[in-house]
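Notes follow the structure.
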2 protein chains.
Amino acid sequence: MQKLTNIKSQLKEAGLKATHQRLVIMNAVKEMSDHPSAEKVFSSIKANNPSISLGTVYKTLETLVNNGLLAKVATREGQMRYDPRLDNHGHIYLTNTKELVDYYDEELDTLIIDFFKRKRVNNLKIKNISVRINGEKLDSNKEVLIK
Amino acid sequence: MQKLTNIKSQLKEAGLKATHQRLVIMNAVKEMSDHPSAEKVFSSIKANNPSISLGTVYKTLETLVNNGLLAKVATREGQMRYDPRLDNHGHIYLTNTKELVDYYDEELDTLIIDFFKRKRVNNLKIKNISVRINGEKLDSNKEVLIK
DNA sequence: ATATTATTTGATAATAATTATTATTTAGTA
DNA sequence: TACTAAATAATAATTATTATCAAATAATAT
Ligand SMILES: [Mn+2]
Ligand SMILES: [Mn+2]
Ligand SMILES: [Zn+2]
Ligand SMILES: [Zn+2]
């Protein structure tokens, strides 16, 4: 598993100890494509790592976020999810399945960036602008796609 | 107070009993311009209405949302806030002060709507699209404004 | 106006998600 | 291989929110 070696160096680079727990948790978030919650990460790793506690999962995810290795995003219902993609992108939240799907579109990015470039922003330091699409997944077997 | 009479008819129209609690809570959300949490609504009304309980505030806000009289929006940190504005609009979340500020812009709306009109949307029924701006408020006394 | 009744409320308990505490363990270093 | 600061496991605590249910009340009928 070459991936774990890569994660190991990411941790080192961030000045974090490369513990087994961090490797496993970081790897789990990267493998789960739908922005897992802490609970989801916990249950995905527990078969192979029964000794890792839920508290450690929460604390580790927080550490990874604070050190810029993961992003954190709230669902419309207010639950926190973890995102291995660090670049700015949008999300589609499927209200019926609670899936959170990435949405990338160069053109939309440009459109929005250009739009705000033309605006006067008073008393605000913008950190990021994101588009969120809420909707219902129609066929739960098929993928959601906007293209 | 003419406002309360108006709220009363909104409640009736929605098929809800116009209770004192509902009038007071709805009025409080409308008066507080920064999308209050249930706790904030509770503390804003408790001086004049010491008998209204926090549970009632939560349940009433939920009822008002379910009947289309209020909207509900999660902050980036996952807490729920209540919004008296029902039309589709964006929000600016001020991470330092936790204020949630409305952002209206016709032009941006049109831009986004037109953009998605040109897209193929597969297996998804879009309910709404919103733009969220996260940033830091620079001077806590002055207002945030994008124009 | 009063009685009737389905709804709503207040008090309280319960739950869900997350964070804190602390003794024990471990990764990185010497 | 030993040392030590940092991390973890187990557990308790907290925060935000929802559920329960007996008592109160708004809307309707008399
Ligand atoms: Mn708008
Ligand atoms: Mn929550
Ligand atoms: Zn994402
Ligand atoms: Zn708003």
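Just the heavy atoms: all of them, side chains too, but no hydrogens, waters or symmetry mates, feed the values below. Sequence lines set the chain letters: A, B, ... in the order given, protein chains first and strands last, and positions in each chain run from 1.
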For V73(A) and R132(A) the tightest heavy-atom approach is CG2-NH2, 3.1 Å

Of the listed dA9(D), dT18(C), dG10(C), the closest approach to the S53(B) side chain comes from dG10(C)

task: With heavy atoms under 4.0 Å as the rule, sort K8(A) into base, sugar-phosphate or nothing.
output: nothing

Taken to the nearest whole Å, NZ/K46(A) to P/dA9(D) is 14 Å

Rounded to whole Å, CD1 of I52(B) lies from P of dT8(C) at a distance of 15 Å

Walking DNA chain D from its 5' end, the first of K17(B) and Y58(B) to be reached, judged by nearest nucleotide, is Y58(B)

- prompt: Does dT25(D) have OP1 or OP2 sitting under 4.0 Å from an N or O in the side chain of Q21(B)?
  reply: no

Closest to the 5' end of DNA chain D, once Q79(B) and L16(B) are matched to their nearest nucleotides, is Q79(B)

Set out, in order, the CA-CA distance, both residues' side-chain angles and the distance that settles salt bridge (Lys or Arg N to Asp or Glu O under 4.0 Å) for E107(B) and R118(A), then state yes or no. CA-CA 12 Å; E107(B) 194 194 336; R118(A) 300 196 312 267; 2.4 Å; yes

Of dA7(D), dG10(C), dT9(C), the nucleotide closest to the side chain of T19(A) is dA7(D)

Taken to the nearest 0.5 Å, the spacing of Q21(B) CD from S51(B) OG works out to 6.5 Å

One should read off an interatomic distance between M26(A) CE and I7(A) CD1, to the nearest 0.5 angstrom, of 6.0 Å

Rounded to whole Å, CZ of R81(B) lies from P of dT17(D) at a distance of 10 Å

note: E39(A), atom CD; dT19(C), atom P; distance rounded to Å ~ 13 Å

Between CZ of R22(A) and C1' of dT25(C) the distance, given in whole Å, is 14 Å

Separation of dT11(D) atom P from K59(A) atom NZ, nearest Å, is 15 Å

- Query: Across the strands shown, which category fits A18(B) at heavy-atom distances under 4.0 angstrom: base, sugar-phosphate, nothing?
  - Reply: sugar-phosphate

Does the pair L124(B) and I146(A) meet the rule for a side-chain contact (heavy atoms from CB on, under 4.5 Å), with working shown? CA-CA 9 Å; L124(B) 170 70; I146(A) 302 176; 4.0 Å; yes

When rounded to whole Å, the CG to C1' distance for the pair N67(A) and dA7(D) reads 13 Å

When we call it a touch if two heavy atoms are under 4.0 Å apart, what does S37(B) touch: a base, just sugar-phosphate, or nothing? nothing

Side-chain atoms of E62(B) come closest, of dT8(D), dT18(D), dT9(C), to dT18(D)

From CD of E77(B) across to C1' of dT14(D) the rounded distance in Å is 17 Å

